[in-house]
K.L.:
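Sharing a structure here in structure tokens format.
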Amino acid sequence: GAYLRAGFEELKNKHQIIGDVRGMGLMQAIELVEDRQSKTPAAAATVRLIEATRENGLLVGKGGLYGNVIRVTPPMNIGRSDVDQFIRLMDKSLTEIQ
């Protein structure tokens, strides 16, 4: 879980659309915002990201009060190489929608 979280934190540093990373263990989430200062939810970008991740072979969930949170719950036996590939494909998907 800590390894996955570290990957999400790196993505947050790279992509301004990620306003927050949160979760516990392997249950992690990234909140998409239009602006980090105002924390305006980026619901439309979240829909685009869901589609981009699907096209890149990732299945993720959407949630949050405003529909702007990407939820991830990988299996307990996920390995570091799987997390690395997941983060790489999530990075690619985030780049595609911006």
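Everything quoted here is computed from the prediction, not taken from an experiment.
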K.L.:
Check for a donor-acceptor pair, side chain of R36 on one end and backbone N or O of I18 on the other, with a separation under 3.5 Å.
P.N.:
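It does hold such a pair.
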K.L.:
Any side-chain heavy-atom pair from V47 and K62 closer than 4.5 angstrom?
P.N.:
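Yes; the side chains approach each other to less than 4.5 Å.
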K.L.:
Below 4.0 angstrom, N of the basic side chain to O of the carboxylate: do E10 and K14 qualify?
P.N.:
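A salt bridge is absent here (no side-chain N lies under 4.0 Å from a carboxylate O).
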K.L.:
Can you find a pair of side-chain heavy atoms, one from L4 and one from P74, that are under 4.5 Å apart?
P.N.:
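Counting from C-beta outward, L4 and P74 do come under 4.5 Å.
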K.L.:
Could R48 and E51 be called an ion pair, given the rule that one side-chain N must be under 4.0 Å from one carboxylate O?
P.N.:
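No, no charged N to carboxylate O under 4.0 Å.
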K.L.:
How many angstroms lie between CG in D82 and OH in Y3, if you round to the nearest 0.5 Å?
P.N.:
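Taking CG in D82 and OH in Y3, the distance rounds to 10.5 Å.
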K.L.:
Mind checking whether I30 and D20 have side chains closer than 4.5 Å, heavy atoms only?
P.N.:
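No, side chains not in contact.
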K.L.:
With a 3.5 Å distance limit and no angle check, can you tell me whether N56 reaches the backbone of A52 through a side-chain donor-acceptor pair?
P.N.:
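Between the backbone of A52 and the side chain of N56 there is a qualifying donor-acceptor contact (under 3.5 Å).
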K.L.:
Does I78 reach the side chain of F86, with side-chain heavy atoms less than 4.5 Å apart?
P.N.:
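Sidechains of F86 and I78: no contact.
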K.L.:
Counting neighbours of OH on Y66 that are heavy atoms of other residues, nucleotides or ligands and sit closer than 6.0 Å, is the number greater than 12?
P.N.:
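No, OH of Y66 has 12 or fewer neighbouring heavy atoms, counting only those of other groups under 6.0 Å.
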K.L.:
Check whether any side-chain N or O of K39 sits under 3.5 Å from a backbone N or O of G19 as a donor-acceptor pair, and report yes or no.
P.N.:
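Judged by distance alone, yes, a pair lies under 3.5 Å.
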K.L.:
Does any non-hydrogen side-chain atom of L49 lie less than 4.5 Å from one of M90?
P.N.:
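Yes, at least one pair of side-chain atoms sits under 4.5 Å.
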K.L.:
Rounded to the nearest 0.5 Å, what's the gap from NZ on K12 to CG on L94? Could you check?
P.N.:
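The NZ atom of K12 sits 13.5 Å away from the CG atom of L94.
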K.L.:
Is it the case that one hydrophobic cluster holds both M76 and V83, taking links as side-chain heavy atoms less than 4.5 Å apart, direct or via other members?
P.N.:
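In one cluster with M76: V83, yes.
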K.L.:
Is there a side-chain contact between T73 and L26 in this structure, where contact means two heavy atoms from C-beta onward sitting under 4.5 Å apart?
P.N.:
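In short, these two side chains do not touch, never coming nearer than 4.5 Å.
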K.L.:
How close do G7 and I87 get, heavy atom to heavy atom, and via which atoms?
P.N.:
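Here G7 and I87 meet closest at C-CD1, 3.7 Å.
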K.L.:
Does any non-hydrogen side-chain atom of H15 lie less than 4.5 Å from one of Q98?
P.N.:
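The answer is yes, as the side chains (C-beta and beyond) meet within the 4.5 Å cut-off.
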K.L.:
List for me each residue that meets side-chain contact (heavy atoms from CB on, under 4.5 Å) alongside S81, sequence neighbours excluded, and say none if there are none.
P.N.:
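Listed in chain order: nothing, the list is empty.
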K.L.:
About how many Å separate CZ of R22 and CD of E31, when rounded to the nearest 0.5 Å?
P.N.:
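Going from the CD atom of E31 to the CZ atom of R22 covers 4.5 Å.
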K.L.:
With no hydrogens and no angle check, is any side-chain donor or acceptor of N68 less than 3.5 Å from a backbone partner on L32?
P.N.:
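Yes.
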K.L.:
Nearest 0.5 angstrom please: M27 CE to R5 CZ, how far?
P.N.:
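CZ of R5 is found 12.5 Å from CE of M27.
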K.L.:
Per the side-chain contact (heavy atoms from CB on, under 4.5 Å) rule, which among L59, V60, L89 passes with T53?
P.N.:
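Only one option passes, and that is V60.
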K.L.:
Tell me, do V69 and T46 make a side-chain contact under 4.5 Å, heavy atoms counted?
P.N.:
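Side chain of V69 against side chain of T46, heavy atoms only: no contact under 4.5 Å found.
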